[in-house]
Amino acid sequence: MSSTRTASGRTNGRNSTWRNWGGNVSARPAREVAPASVDELAGAVRKAAEDGLRVKAVGTGHSFTSIAATNGVLIRPQLLTGIRGIDRAAMTVTVEAGTPLKRLNMALAREGLSLTNMGDIMEQTVSGATSTGTHGTGRDSASIAAQIRGLELVTADGAVLTCSEQENPEVFAAARIGLGALGVVTAITFAVEPVFLLTAREEPMPFERVLAEFDELWSENEHFEFYWFPHTGSTNTKRNNRSAGPEQPVGRLQGWFEDEFLSNGVFQAANWVGRAAPAAVPAIARISSKALSARTYTDTPYKVFTSPRRVRFVEMEYAVPREAVVETLRELRAMVERSRLRISFPVEVRTAPADDITLSTASGRDSAYIAVHMFRGTPYQAYFTAAERVFTAHEGRPHWGKIHTRDAEYFSRVYPRFGEFTALRDRLDPDRLFQNDYLRRVLGP
Ligand SMILES: Cc1cc2nc3c(=O)[nH]c(=O)nc-3n(C[C@H](O)[C@H](O)[C@H](O)COP(=O)(O)OP(=O)(O)OC[C@H]3O[C@@H](n4cnc5c(N)ncnc54)[C@H](O)[C@@H]3O)c2cc1C
């Protein structure tokens, strides 16, 4: 594809179609730019405003909602990557916004450093991941955005704005999970800590036992999560805790067999069969839930938290108050059992402590996340609609990057600080340069 270099970065000659990872969202931007510096990016924002076009920065398109879609100017991340600096006294790292999490994790490990917590893959960019509130699971440690100590962004007027707890604190409160609505993030400063070892214990456990012992499993582990296989009474649990070592990684062959062959290869094949013959799904689920056996390993945090996800799916995830998780899961299970749904993907359950970010799904509330998935290409609406009804009855807050049908009216009820965010947006982006259909729905016009 030909590209030309202009004052506002590399501009793509063609307006090609942009698609997300899940394959359920596409858009045709008027033009694409890949700025290589903050100045180029600010130039691209000013030029778009002059041309009457809206602007949207994207990461790697791992969101399932149309949050990153635009028919205006699409800002690509790939030339704005790398580590700007590490401050060992402050224990922070500053990275360019387009840096993939994978690159950040590896660079930190080489320096003997690590983030405290993260999600289950590391393909996303740091700006994309934090803008939607990407999280893993944690008793005491929260989302990736909650580990931010400072942000730099280009606002709608093309100016560069920096914020932290001390500087422009009202911007910092909201912009760490800014939904791409407040400006284009150009650099992020994260808190880091000396690299540590995590011991993972993966163990199948009956669904009823996990629910009965949920409070203990949560309180006795730094990072507890589990997967429930619909149509079965089985789960796989995962407990990650810091350890003094020694390092005991998953063996290469075992890792290939369990993480690639079973979790991706066989799982993909099982989903193909399930899509072609839905009646077979409960039997496949029973087999899948028994396929993985217990294992324990100790490794660098990012190798324990994240794993490859090659089987394509679509996802909805809601945060409910942590004390409501057991009841919500019982209702979800009852709904599945009453229905004629056939679900070949496990339901994932994680937690996060309350944080202080305006539109974080865990804002001011200890939370549990329940995620439902469907294999790509399988109709998901009936399942997600029924699951969403269960989640919203508990004042659930949907992940900003995962499928949901909520709007600004709903969010103004479940986020006590919703008005704070929209007032800041009115101030920073009065003409809605960063607007798209998704933001119009979730934040209002
Ligand atoms: C296989 C898979 C696994 C996942 N695992 C998890 C998980 O464990 N936990 C979890 O919480 N989520 C998870 N997600 C969801 C994913 O982390 C989020 O959707 C995330 O936002 C995707 O990041 P991205 O870089 O692809 O950003 P995109 O999806 O491309 O963009 C997301 C948002 O960020 C904005 N944005 C991007 N760059 C900038 C910038 N420079 N300035 C301002 N705004 C910007 C975009 O405009 C858009 O609003 C997963 C998704 C997939 C497909």
Side-chain angles (χ1 to χ4, degrees), residues 18-25 27 34-35 38 41 44-45 54-70 72-78 80-81 95-102 104 117-138 142-146 151-155 175-188 223 225 264 305-319 345 348 350 352 360-362 367 369 371 373 376 398-403 429 434-436 438-439 442-443:
W18 172 89
R19 264 179 229 291
N20 70 338
W21 181 93
N24 62 320
V25 181
V38 177
L41 196 149
V45 168
R54 297 199 195 276
V55 176
K56 191 64 37 199
V58 293
T60 49
H62 276 65
S63 296
F64 300 95
T65 56
S66 53
I67 191 166
T70 186
V73 177
L74 183 76
I75 299 191
R76 294 262 183 199
Q78 57 268 24
L80 212 59
T81 60
V95 279
E96 306 291 347
T99 310
L101 281 167
K102 187 194 286 173
L104 170 63
N117 198 356
M118 63 193 77
D120 55 22
I121 60 159
M122 51 178 183
E123 306 304 314
Q124 314 94 312
T125 58
V126 291
S127 53
T130 54
S131 291
T132 65
T134 296
H135 61 89
T137 190
S143 69
I144 308 179
L151 269 182
E152 177 188 272
L153 57 159
V154 168
T155 49
R176 281 173 284 169
I177 300 181
L179 319 184
L182 303 176
V184 180
V185 177
T186 45
I188 305 182
H223 309 272
E225 68 186 305
N264 283 301
F305 285 129
T306 70
S307 52
R309 294 284 151 98
R310 299 194 212 291
V311 182
R312 301 267 164 154
F313 55 85
V314 289
E315 180 176 353
M316 163 182 282
E317 180 178 56
Y318 267 73
F345 247 83
E348 186 177 17
R350 297 181 278 185
S360 161
T361 44
S367 300
Y369 294 92
H373 310 73
R376 179 172 163 174
H399 189 301
W400 297 107
K402 301 187 186 177
I403 292 169
D429 187 15
F434 303 115
Q435 183 79 298
N436 63 4
Y438 179 84
L439 291 184
V442 303
L443 297 177

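Every number for a ligand or one of its atoms is a count from 1 in the order of the listing.
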Could you please spell out the steps behind the side-chain contact (heavy atoms from CB on, under 4.5 Å) verdict for R309 and E123? CA-CA 10 Å; R309 294 284 151 98; E123 306 304 314; over 6 Å; no

For residues A69 and V25, report the shortest heavy-atom separation together with the two atoms involved. CB-CG1, 4.2 Å

So if I count the atoms of ligand 1 from 1 in the order they appear, which ones are less than 4.0 Å from some heavy atom of S131? 34 (O), 35 (C), 36 (N), 44 (N), 45 (C)

Which bit of F64 is near ligand 1, meaning a heavy atom under 4.0 Å away: side chain, backbone, both or neither? side chain

Could an N or O of ligand 1 be found under 3.5 Å from any N or O of H135, whether backbone or side chain? yes

If you count the atoms of ligand 1 from 1 in the order shown, which ones are under 4.0 Å from a heavy atom of T60? 24 (P), 25 (O), 26 (O), 27 (O), 30 (O)

Numbered atoms and elements of ligand 1 in range of L179, under 4.0 angstrom, heavy atoms: 49 (O)

Tell me whether F313 has any N or O atom under 3.5 angstrom from an N or O of ligand 1. no

Pairs of nitrogen or oxygen atoms closer than 3.5 Å, one from G119 and one from ligand 1: do any exist? no

Suppose we measure from atom 49 (O) of ligand 1 to each protein heavy atom; which comes out shortest, and what is that distance? I67 CG1, 3.2 Å

Do any nitrogen or oxygen atoms of E315 lie less than 3.5 angstrom from nitrogen or oxygen atoms of ligand 1? no

Can any side-chain N or O of K56 pair as donor or acceptor with the backbone N or O of V73 at less than 3.5 Å? no

Show your reasoning for whether side-chain contact (heavy atoms from CB on, under 4.5 Å) applies to V126 and L101. CA-CA 6 Å; V126 291; L101 281 167; 3.9 Å; yes

Quick one: side-chain hydrogen bond (donor to acceptor under 3.5 Å, both in side chains) partners of S143, sequence neighbours excluded? none

Using a plain distance cutoff, I'd like to know if I121 has any nitrogen or oxygen under 3.5 Å from a nitrogen or oxygen of ligand 1. no

Looking at every heavy atom in both I144 and A129, which two are closest together, and how far apart are they? CD1-CB, 4.4 Å

What's the shortest distance from atom 41 (N) of ligand 1 to any protein heavy atom, and which residue and atom give it? V185 O, 2.9 Å

Report yes if the side chains of E315 and H399 come closer than 4.5 Å at any heavy-atom pair, otherwise no. no

So for A129 against ligand 1, with non-hydrogen atoms under 4.0 Å, the contacting part is backbone

Which residue and atom name correspond to the protein heavy atom nearest atom 14 (N) of ligand 1, and how close is it? K402 CE, 3.7 Å

For ligand 1, which atoms, with element, lie under 4.0 Å from some heavy atom of V184? 41 (N), 42 (N), 43 (C)

Close N or O approach (W18, ligand 1; < 3.5 Å): no

Looking only at heavy atoms, which two atoms of F434 and D429 are closest? And how far apart? N-OD2, 3.0 Å

Side-chain contact test, heavy atoms from C-beta onward, threshold under 4.5 Å: evaluate it for T306 versus M118 and give yes or no. yes

Examine distances only and state if a side-chain atom of S131 and a backbone atom of G128 form a donor-acceptor pair shorter than 3.5 Å. no

Closest non-hydrogen atom pair, T60 against H62: OG1-ND1, 3.0 Å

Tell me whether ligand 1 is touched by E123 - counting only heavy atoms on the residue side and a distance under 4.0 Å. no

Among D120, I121, N117, find the one that has a side-chain contact (heavy atoms from CB on, under 4.5 Å) with F305. N117

Nearest option to atom 47 (O) of ligand 1, as decided by whichever heavy atom of A68, P35, A57 sits closest: A57

For R309 and ligand 1, does the shortest N/O to N/O distance drop below 3.5 Å? no

Could you establish whether G136 and ligand 1 come within less than 4.0 Å of each other, counting only heavy atoms on the residue side? no

4.0 Å heavy-atom contact, Y369 with ligand 1: no

Which option wins on minimum heavy-atom distance to atom 6 (C) of ligand 1: D120, T137, T65, N20? D120

Quick one: does ligand 1 sit under 4.0 Å from the side chain of R350, the backbone, both or neither, non-hydrogen atoms only? side chain

Flag side-chain contact, heavy atom, 4.5 Å: Y318 against T361: no

Relative to ligand 1, is K56 under 4.0 angstrom through side chain, backbone, both or neither, heavy atoms considered? side chain

Between A34 and Q78, the two heavy atoms sitting closest are CB-NE2, 4.4 Å

Among all protein heavy atoms, pick out the one at the shortest distance from atom 38 (N) of ligand 1; state its residue, atom name and that distance to 0.1 Å. S127 OG, 3.1 Å

I want to confirm something. Looking only at heavy atoms, which of G59, S63, G22, S143 is nearest to atom 30 (O) of ligand 1? G59

Return yes or no for this condition: an N or O of G128 is under 3.5 Å from an N or O of ligand 1. yes

Determine the minimum heavy-atom distance between A181 and L443, stating which atoms define it. CB-CD1, 3.7 Å

Under a 4.0 angstrom heavy-atom cut-off, which atoms of ligand 1 come close to T132? 18 (C), 19 (O), 20 (C), 21 (O), 32 (C), 33 (C)

Does some non-hydrogen atom of P100 fall short of 4.0 Å from ligand 1? no

Validation row: H373, F64 side chains within 4.5 angstrom (heavy atoms): no

W21 heavy atoms, cut-off 4.0 Å: which ligand 1 atoms fall inside? 1 (C), 53 (C)

Main chain of T65, side chain of S63: is a donor-acceptor contact present, judged purely on distance under 3.5 Å? no

Tell me which protein heavy atom sits closest to atom 12 (N) of ligand 1, plus the residue, atom name and distance to 0.1 Å. H399 NE2, 3.2 Å

Verdict with reasoning, V55 to T70, per side-chain contact (heavy atoms from CB on, under 4.5 Å): CA-CA 7 Å; V55 176; T70 186; over 6 Å; no

Which residue supplies the protein heavy atom nearest to atom 51 (C) of ligand 1, what is that atom called, and how far is it? H62 O, 3.3 Å

With heavy-atom distances below 4.0 Å as the criterion, list the atoms of ligand 1 near Q124. 16 (C), 17 (O), 22 (C), 23 (O), 24 (P), 25 (O)

Run W400 and I67 through side-chain contact (heavy atoms from CB on, under 4.5 Å) and show every step you take. CA-CA 8 Å; W400 297 107; I67 191 166; 4.3 Å; yes

Using a 4.0 Å cut-off to any heavy atom of G180, which atoms of ligand 1 qualify? 44 (N)

